[in-house]
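Note that the structure is a prediction, hence the values are computed from the model and not measured. Note that ligands are numbered from 1 as they come in the structure, with each ligand's atoms numbered from 1 the same way.
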Amino acid sequence: MNETSPQTLPQTIYLKDYTPFGWSVTSVHLTFKLHPTETRVISRIAFAPNPDAPAQSFFLHGEALKLISSKIDGAPCTPTLTPTGLTLDVPTGPFVFECEVEISPETNTALEGLYMSNGMYCTQCEAEGFRKITYYPDRPDVMGTFTVRIEGDAPVMLSNGNKGALGAGFAEWHDPWPKPAYLFALVAGDLLNYSDRFKTRSGRDVELNIWVRKGDEDKCAFGMKALKASMTWDEDVYGREYDLDIFNIVAVDDFNMGAMENKGLNIFNSSCVLASPETSTDDNFERIEAIIAHEYFHNWTGNRITCRDWFQLCLKEGLTVYRDSQFTSDLRSAPVKRISDVIDLRGRQFREDGGPLAHPVRPESFVEINNFYTATVYEKGAEVIGMLKRLVGDDAYYKALDLYFTRHDGDAATIEDWLKVFEEVTGRNLKRFKRWYSSAGTPRLSVKEKFNNGRYTLTFKQETPPTPGQPHKKPRVIPIAVGLLGSNGHEVQPTTLLEMTKRQQSFSFEGLAEKPVPSILRDFSAPVVLEYERSNAERAFLLAHDTDPFNKWDAGQALRRASLIASVTTGAAPDTAFLDAATRVARDDSLDPAFRALVLQPVSQDDLAASLHAQGHTPDPQAIYDASETMAQSLAQHLADSLPRLYAATTVDGPFVPDAKGAGKRALNGRILSMLTRMDGGAQARAQFDTANNMTLQSAALNALLAQDIGADQSAAFFTQWQSDRLVMDKWFAAQVAFAAPEKAANVAQALTTHPLFTVKNPNRFRAVFGALAMNHAGFHHASGQGYALLADWLIKLDALNPQTTARMCTAFQTFSRYDASRQTSAKSALERILSTNGLSRDTTEMVTRILEG
Ligand code: TRP
Ligand code: ZN
């Protein structure tokens, strides 16, 4: 019943049309009488006229609600109902609106509003889910204090804020902090808690709980440790304390995204909180730690200071991603975190910025806001904050943040508010810098160098290709961190920050004895594509000598990329300059193992397709796959003599500890194992699989074997061992598709959809199969068109149940116009088939339309 509202033409919402709501909410009382298909929600909302708002009629959002009764100031009233809400004549002064509605959580497969997951009631309200719970001004700038009473027979019944009365069949909660409806949450079910306490630095004693289903209680310890570390870190680094008596986290199996920062009651996809050495990899542990921190940090950046409207989403998301990446850098390794973030940014955000879905960090219009929880808003939003911090310096950054927190506590704020605190603290004019928020697309930064009489000059030119709706781009402020190396490998100019503000600009360094080797865009100081054609000798020199870990790594990547592109375009053999350099790094025990693992990591095939496309080629996915395979095989051969020694040297003995040091060693060990598997027919990987006592080792062995198509026995054994663990089964589904050869990938995915454990209703399981298919570059883009057709079939099925996850997965198609005419035809017909589906959701309609229109 939740997604069958009549098909209306999607309406576009514009930032420029913002108007405040005509009333403020002074208090909200909600009573839930829980029932799987007939939950009653009784609300009592006190409204007062908002003197700052223009005159307007009284409208409350509401979708898929059955209105039972309503009253104004105690007298029955008769609102006018529409598919999106109600209108009503209201008194001129303050008044109380009451109503009772009925909803059906059990049949709510969209996982938005109040729904059920394995017999447990839970909610997801961001961005606009509260309107599926009751009639309300469901917009972030309307904030109220909520008192909630839950009636039902579940042993545990939770909502936001502090505990109120608790008795047989009911529980009450009161949240003293005014909040927008998107931060509302309710959970009820048969749950167990893993519990702890935290004392804030001003002495508040906080009860901490992670609530899970029976059987998962042994997977909470790591998350709890991460939570306490986050609370301490935010006190130490940003001076921010927690502000309630209790902080609850709940793990839910059916969840559209990673996690949600509801005030005092964070709800997590179980994959983003549950962890144990036997079932989780090092990558899982690191991700869980970061997501727990992210949601916790939202308490200040998102909840205490929220967004005026959804166009300001990056205000909370960009800043909170930036804060969680600082946290991970502090707890683990800063260079490794930076390199991993850039791999992710190039792989997801540059891909988005260069295609039909490109949009500014602060979009100016949308049809469905759920479609704007993107890599651009989150990750580029965080990069913009990183640039700001680089430009103003650490002291000014933290001063500006202090001012932001004191001035805007309790506000629903904007990007203008955010930039203003920086302008006031630094005296800078940030008008030009603000273009990072309004202009889409990734700037290309080209470089020319000149050396003359000891004077070395770098001339930069910036150019941003057109994006949908933005044909012409103005120049941006680009912070370019530069260092210079002498021919002996010593640094002759330590890192200095150049501030580029024009389309073309030169910077000089004086008094140099010889022409230096430049190290440009150190630490990836701006989210741009650096177009600097260097010789392979210079790249190898930087990989050997650069003092900046990011550029050292990036030089290796550039070498490998250049070699692969030459293989694809001219059939050249893998470049020995790269093979020699990578071999030296692999064998260099003085380097951090995590760094060596990153240097040995293959370049993503999708990134190669993007580079080829940018250079005017039509990328052939099969040729890219073949070149990548040849490269991997050559590297394994090149390193063959050292592999057994390196494998032994990177084996971590003793009990599994998910810290950065062990994880880095295991990451390198995994790289070595995959090379070894190419050379020894899988003997070492089979041995590792049989003796592994943790998931990092077990899945590394399985993946290495599957990649060589010799893992069938281990895959069957893995299934037998783990079939009753949902999260491990997701790994099993994903690995088979991810490591399938191009011509087999779609068939493997198709076959898995008939497996008894496959279900379209669980987003994690659906993503395990189809997310993996979309990421198998040569498999998804196979010339047969099978990958496109299969994904379209299943997106059509999923859309009828869960529009949000469907729309998100349509992004697999966003690069289709890079490829040849025949692939384009297959992709287009798959997309058109989706678009012509009867009753297609607004979410998916918007995404497919944008992808097709480019
Ligand atoms: N605000 C959440 C976060 O970034 C993400 C979020 C937005 C979300 N919409 C959601 C999570 C819908 C789950 C479902 O932390
Ligand atoms: Zn967030």
Compute the ring centroids of [X] and [Y], then answer whether they are less than 6.0 Å apart.
X	Y	answer
Tyr296	Phe198	no
Trp794	Phe758	yes
Phe366	Phe311	yes
Phe297	Tyr238	no

Interfacing atoms of ligand 1 (cut-off 4.0 Å, heavy-atom, [X]):
X	result
Phe255	13 (C)
His294	3 (C), 4 (O), 15 (O)
Gln804	12 (C)
Glu261	1 (N), 2 (C), 3 (C), 15 (O)
Met260	1 (N), 2 (C)
Ala259	2 (C), 3 (C), 5 (C), 11 (C), 15 (O)

Specify side chain, backbone, both or neither for Lys316, according to which of its non-hydrogen atoms lie closer than 4.0 Å to ligand 1.
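Side chain only.
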Out of His298, Glu128, Met257, whose heavy atom sits nearest atom 9 (N) of ligand 1?
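Answer by nearest heavy atom: Met257.
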Just to check, does Glu112 reach to within less than 4.0 Å of ligand 1 when the distance is taken from its heavy atoms?
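For ligand 1, residue contact (heavy atoms, under 4.0 Å) with Glu112 is absent.
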For the Zn ion (ligand 2), what is the closest N, O or S atom on Glu317?
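Distance check against the Zn ion (ligand 2) picks out OE1 in Glu317.
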Please list the nearest protein heavy atom to [atom] with its residue and the distance rounded to 0.1 Å.
atom	answer
atom 1 (N) of ligand 1	Glu126 OE1, 2.5 Å
atom 7 (C) of ligand 1	Tyr373 CE2, 3.2 Å
atom 12 (C) of ligand 1	Gln124 NE2, 3.3 Å

Keeping Asn108 on the side-chain end and Glu112 on the backbone end, is there a donor-acceptor pair under 3.5 Å?
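Judged by distance alone, yes, a pair lies under 3.5 Å.
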Flag the pair Leu319 / Tyr404 as yes when at least one side-chain heavy-atom distance between them is below 4.5 Å, and no otherwise.
yes
Less than 3.5 Å between some nitrogen or oxygen of Glu295 and one of ligand 1, yes or no?
yes
Using a 3.5 Å cut-off on N or O atoms only, is Tyr378 in polar contact with ligand 1?
yes
If you measure only the distance, is there a donor-acceptor pair under 3.5 Å linking the side chains of Asn160 and Asn262?
no
Do Ser365 and Thr12 have side-chain N/O donor and acceptor atoms under 3.5 Å apart?
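There is no such pair between these side chains.
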Is the closest basic N to carboxylate O distance between Asp730 and Arg726 below 4.0 Å?
no
Does the side chain to side chain contact (heavy atoms under 4.5 Å, CB included) test come out yes or no for Tyr182 and Trp310, once each step is laid out?
CA-CA 11 Å; Tyr182 83 86; Trp310 291 119; 3.5 Å; yes
